[in-house]
Amino acid sequence: MDRIRIRGGKPLSGSISVSGAKNAVLALMPSALLAGSALHLQNVPNLADVATMTALLQHLGMDVVHDKAARTLALAGPATGNEAPYDIVRKMRASVLVLGPLVARHGVARVSLPGGCAIGTRPVDLHLKGLEAMGATITVEAGYIEARAPAGGLKGARIIFPVVSVGATENLLMAATLADGETELVNAAREPEIEDLALCLIRMGARIEGIGTDRLRVTGVAALTGATHPVVMDRIEAGTYACAAAITGGEVFLQGARLDHLGAVARVLREAGVGVNEEPAGLRIARMNGLHGVDVVTEPFPGFATDMQAQFMALMCVAQGASMVTETIFENRFMHVPELARMGARINVHGASAIVRGVQKLSGAPVMATDLRASVSLVLAGLAAQGETVVNRVYHLDRGYERLEEKLAAVGADIERLA
Ligand code: EPZ
């Protein structure tokens with residue numbers, strides 16, 4: 001079981017190149033199920049989750065070639081199967097994103113219910129209700145979703161989301177591209193990964209309007225073709241390394257990072273005393289004087305990203321003053337708190353909010369976490385802590401961060417992976 005050891009106290013300095021976005025590529029890959037010819041993706045991050053999605057699409061009969069050195073994926077159909085089995089879906093919830101494309105293109109799909117995960121129950125009711133609105137018949141039994149399109153295929157529909165859902169927006173956006181007629185997705189998610197998926201679908205021949213807004217209008221077409229599309233940069237990876245620069249009191253250039261994709265994260269970092277400066281090729285992050293406590297509430301984009309909550313909390317642990325961190329998206333996303341407390345952080349959780357009182361110094365300790373972003377928040381704390389921190393269960397990290405310890409070591413961190 002790999003572990004990562006960090007000896008803290010070294011200010012980071014240098015340049016980090018930001019990879020393609022995990023949460024973009026995990027939606028772009030299943031979109032290939034819609035196309036009559038090969039989809040070529042570029043700037044593909046080398047992540048465990050990409051390998052899992054590759055295995056799932058190959059299980060469905062797709063021909064997938066992942067060139068890690070060239071950072072490309074070539075995905076060619078047609079799918080010959082329509083079942084996403086439990087043993088794959090349980091490893092990665094994003095597997096449910098094959099549902100919409102399979103029903104839209106092949107008329108039938110049998111996908112294991114993803115089940116919950118460490119951060120919450122993670123229901124998929126909005127995905128299913130949207131497909132039903134488009135005419136699909138949905139049954140759920142023995143832990144599997146069975147979805148069937150009507151004889152003439154899915155029909156366009158007006159779908160209003162009661163809560164903003166990234167995955168449901170993606171599944172239904174993909175399904176709508178081949179539905180008969182107009183589909184309108186109201187209260188759609190606006191995350192940059194949705195915009196990236198829409199731009200790729202348009203390259204494949206889809207007709208989509210309202211990109212970047214919370215109201216997407218899709219006019220169904222008879223068929224989509226393959227295309228070539230570069231995966232958008234990972235705003236959460238960029239935000240994570242911005243926090244790494246800030247927590248160590250260093251200065252780091254994030255190659256390829258986009259200020260507009262950081263949303264409220266950039267504003268909040270600046271309010272906390274972190275310099276976030278836009279340059280032609282990326283963002284320069286430098287801690288100004290002291291760090292001070294700032295309150296955050298997680299919200300759908302362009303609000304403060306829930307995927308940045310744990311990393312920002314680690315930063316607030318060494319700020320001057322207090323910070324209230326409120327998590328509104330998931331019901332159990334404070335698992336990093338007890339581990340940060342073992343390193344000397346002062347955090348009190350009250351329901352969906354955590355009060356963080358900054359301390360002068362954290363102290364290194366053996367820690368572990370149960371989800372991707374909680375894990376990386378412990379790495380950040382270890383970078384600032386006095387002494388040695390060993391983070392266990394790093395397979396969580398490998399799901400969403402490409403070569404984390406190499407990228408951090410290259411800018412001065414004393415960090416290494418232990419077998
Ligand atoms: C995506 O998950 C991301 N994953 C998550 O990133 C991210 O935290 C989340 O969006 C929010 O931004 C991928 O893109 C692969 P949601 P998703 O549907 O689509 C409720 C990471 O660390 N909901 O936007 O599953 C749900 O319970 C991961 O990279 C329903 O009630 O998130 C939650 O409270 C973690 N019914 C809220 O909506 C549904 O049918 C937002 O969930 C669907 C969702």
Side-chain angles (χ1 to χ4, degrees), residues 16-32 39-54 57 66-68 70-73 75 92-97 164-171 173-174 188-203 211-212 227-244 254-266 281-283 285 298 300-311 329 371-373 375-376 396-404 407:
I16 294 179
S17 67
V18 179
S19 301
K22 166 178 88 78
N23 291 348
V25 73
L26 292 180
L28 291 165
M29 291 175 73
S31 77
L39 174 66
H40 295 274
L41 298 177
Q42 301 166 329
N43 191 36
V44 174
N46 289 325
L47 300 171
D49 275 5
V50 172
T52 304
M53 184 62 83
T54 296
L57 293 174
H66 183 190
D67 182 335
K68 292 190 174 181
R71 311 170 73 75
T72 59
L73 272 168
L75 305 108
M92 184 184 65
R93 305 188 67 270
S95 306
V96 75
L97 294 175
V164 173
S165 164
V166 170
T169 301
E170 292 168 337
N171 239 334
L173 175 62
M174 289 190 278
R190 296 170 55 194
E191 273 67 6
E193 295 76 36
I194 307 267
E195 182 175 339
D196 201 44
L197 173 63
L199 293 175
C200 181
L201 291 167
I202 286 175
R203 283 196 165 112
I211 295 176
T228 298
H229 181 80
V231 178
V232 71
M233 71 98 199
D234 194 322
R235 61 192 168 98
I236 305 301
E237 185 195 23
T240 302
Y241 290 130
C243 289
L254 301 176
Q255 180 84 26
R258 288 180 52 171
L259 183 64
D260 58 337
H261 284 189
L262 283 187
V265 171
L283 297 177
I285 311 293
T298 63
F301 191 86
F304 192 94
T306 175
D307 292 349
M308 279 297 304
Q309 181 259 106
Q311 298 93 306
I329 308 292
D371 77 89
L372 166 60
R373 309 301 178 184
S375 296
V376 85
H396 289 297
L397 284 170
D398 296 337
R399 293 190 51 182
Y401 289 93
E402 182 180 357
R403 301 181 295 111
L404 174 95
K407 290 190 177 185

Report the distance from atom [atom1] of [X] to atom [atom2] of [Y], rounding to the nearest 0.5 Å.
X      : Y      : atom1 : atom2 : result
Arg93  : Leu26  : CZ    : CG    : 12.0 Å
Leu39  : His229 : CG    : NE2   : 8.5 Å
Leu259 : Leu254 : CG    : CG    : 11.0 Å
Leu57  : His66  : CG    : NE2   : 12.5 Å
Arg235 : Asn23  : CZ    : CG    : 7.5 Å
Ile236 : Tyr241 : CD1   : OH    : 13.0 Å

Donor-acceptor pair, distance only, cut-off 3.5 Å: does the side chain of [X] make one with the backbone of [Y]?
X      : Y      : value
Thr52  : Met92  : no
Asn46  : Lys68  : yes
Asp196 : Val232 : yes
Asn171 : Val96  : yes
Glu195 : Ile211 : no

Minimal non-hydrogen separation, [X] against [Y], with atom names:
X      : Y      : answer
Met174 : Ala27  : SD-O, 3.9 Å
Met233 : Ala257 : SD-CA, 3.8 Å
Pro45  : Arg71  : CA-NH2, 4.0 Å
Val44  : Val25  : CG1-CG2, 4.2 Å
Ala189 : Thr169 : N-OG1, 3.1 Å
Asp234 : Val18  : O-CG1, 3.5 Å

Quick check: do [X] and [Y] have side-chain heavy atoms less than 4.5 Å from each other?
X      : Y      : value
Leu97  : Ser31  : no
Leu28  : Leu73  : no
Val376 : Leu372 : no
Glu191 : Ile194 : yes
Tyr401 : His396 : no
Thr240 : Met308 : yes
Met29  : Val50  : yes

In chain order, what residues pass the side-chain hydrogen bond (donor to acceptor under 3.5 Å, both in side chains) check against [X], with sequence neighbours excluded?
X      : result
Arg190 : none
Ser19  : Glu402, Lys407
Thr306 : Glu327, Arg333

- Message: Does this structure show an ion pair linking Lys22 with Glu193, if we count only N-O contacts that are shorter than 4.0 Å?
- Response: no
